[in-house]
Trainee: 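Please read through the structure below; I'll follow up with questions.
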Number of protein chains: 2
Amino acid sequence: MENLNKVFAALSDETRRAILGQLMQGEARLSDLAAPFNMTQTAVSKHVRVLSDAGLLVMEKRGRTRHCRLNATGMKDASDWLADYQTFWTRQFDNLAQHLIEEGH
Amino acid sequence: MENLNKVFAALSDETRRAILGQLMQGEARLSDLAAPFNMTQTAVSKHVRVLSDAGLLVMEKRGRTRHCRLNATGMKDASDWLADYQTFWTRQFDNLAQHLIEEGH
DNA sequence: TTGTTACCGAACCATATGGTTGACTATATA
DNA sequence: TATATAGTCAACCATATGGTTCGGTAACAA
């Protein structure tokens, strides 16, 4: 999937993950999103655009403000991709546990 | 988590995801991993190092070859982080489905 | 011993990324 | 009307990233 590049790249930044965390509380204006960070609103605006391009949030223009809220699709792309590997590592952990049990630890 | 940056950044590259896909089939030498790609082995070696730093694979020196295999920990970091949002978007989808049902569609 | 294989490391290059400032547009408020 | 607010856009900067080439080293094979 081409979009996986954008999704994972978007998630690889601390600031952007924090923005998504804020949006878990509900929708927020761009200036609200920018407030907690020690950087210009322009910088936050760029981060929001990256998240938007990755399908992780949606923006809605409302008067002179711009409201953002979480979007499921991007997160679902990442989650679906990881699912295959989840079965792998749960099996790996199970094997480890079984191994420890058989050794009597 | 500091390591989440590395994990998601590592996953944001097509080549690196393909390498992980190869390792799903089992362990492989670096030269085997490099074979399918249209790039130098040095480039692939760099990708492998990125994956290793992110805790997504482990390398073992064996003679003059270097064997790689999947490592669960990095993938688990990403999966754990996503889990919170999974509950969010499954709820979001459920709400959408409920909405459509109530409208009689 | 003489290659050959498998890999590393350093230097280099083009482009992407995360940040800034400054000028601008559009909307609300006095 | 004038002014403040919310946000965009373009230019710029430093550093990171993904790739290359070249030279070196350790391990195996002839």
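A, B, ... follow the sequence lines: proteins, then strands. Residue 1 opens every chain.
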Trainee: Determine: side-chain N/O of B:Thr65 to OP1/OP2 of C:dA6, distance under 4.0 Å, yes or no.
Mentor: no

Trainee: Can you give one letter per nucleotide of nucleotides 10-30 of chain D, 5' to 3': B if a protein heavy atom sits under 4.0 Å from the base, S if only from the sugar-phosphate, - if neither?
Mentor: --------SBBB-----BS--

Trainee: Tell me whether the OP1 or OP2 atom of C:dC8 has a side-chain N or O from B:Ser45 closer than 4.0 Å.
Mentor: yes

Trainee: What pairs with A:Arg29 under salt bridge (Lys or Arg N to Asp or Glu O under 4.0 Å), at least two apart in sequence or on another chain?
Mentor: A:Asp32

Trainee: Give a yes or no on whether a salt bridge exists between A:Lys76 and A:Asp80, defined as a side-chain N under 4.0 angstrom from a carboxylate O.
Mentor: yes

Trainee: Pairing donors with acceptors under 3.5 angstrom, does anything connect the side chains of A:Ser45 and A:His47?
Mentor: no

Trainee: Can you give me the closest heavy-atom contact between A:Phe8 and A:Ala78, atom names plus distance?
Mentor: CE2-CB, 3.8 Å

Trainee: Please identify each residue that fulfils side chain to side chain contact (heavy atoms under 4.5 Å, CB included) with B:Glu60, with sequence neighbours left out.
Mentor: B:Arg62, B:Arg69

Trainee: Phosphate oxygens OP1/OP2 of D:dG7: is one of them under 4.0 Å from a side-chain N or O of A:Ser31?
Mentor: yes

Trainee: Without decimals, in angstroms, what is the distance between B:Leu30 CG and C:dC7 C1'?
Mentor: 7 Å

Trainee: Hey, does the side chain of A:Arg29 come within less than 4.0 Å of D:dA6's phosphate (OP1/OP2), counting only N and O?
Mentor: yes

Trainee: Can you check the A:Met59 CE to D:dT8 P distance for me, whole Å?
Mentor: 7 Å

Trainee: Closer than 3.5 angstrom, by distance alone: can the side chain of B:Thr73 be matched with the main-chain N or O of B:Gly55 as a donor-acceptor pair?
Mentor: yes

Trainee: Quick one: is C:dC8 close enough that its OP1 or OP2 comes under 4.0 Å of any side-chain N or O from B:Arg49?
Mentor: no

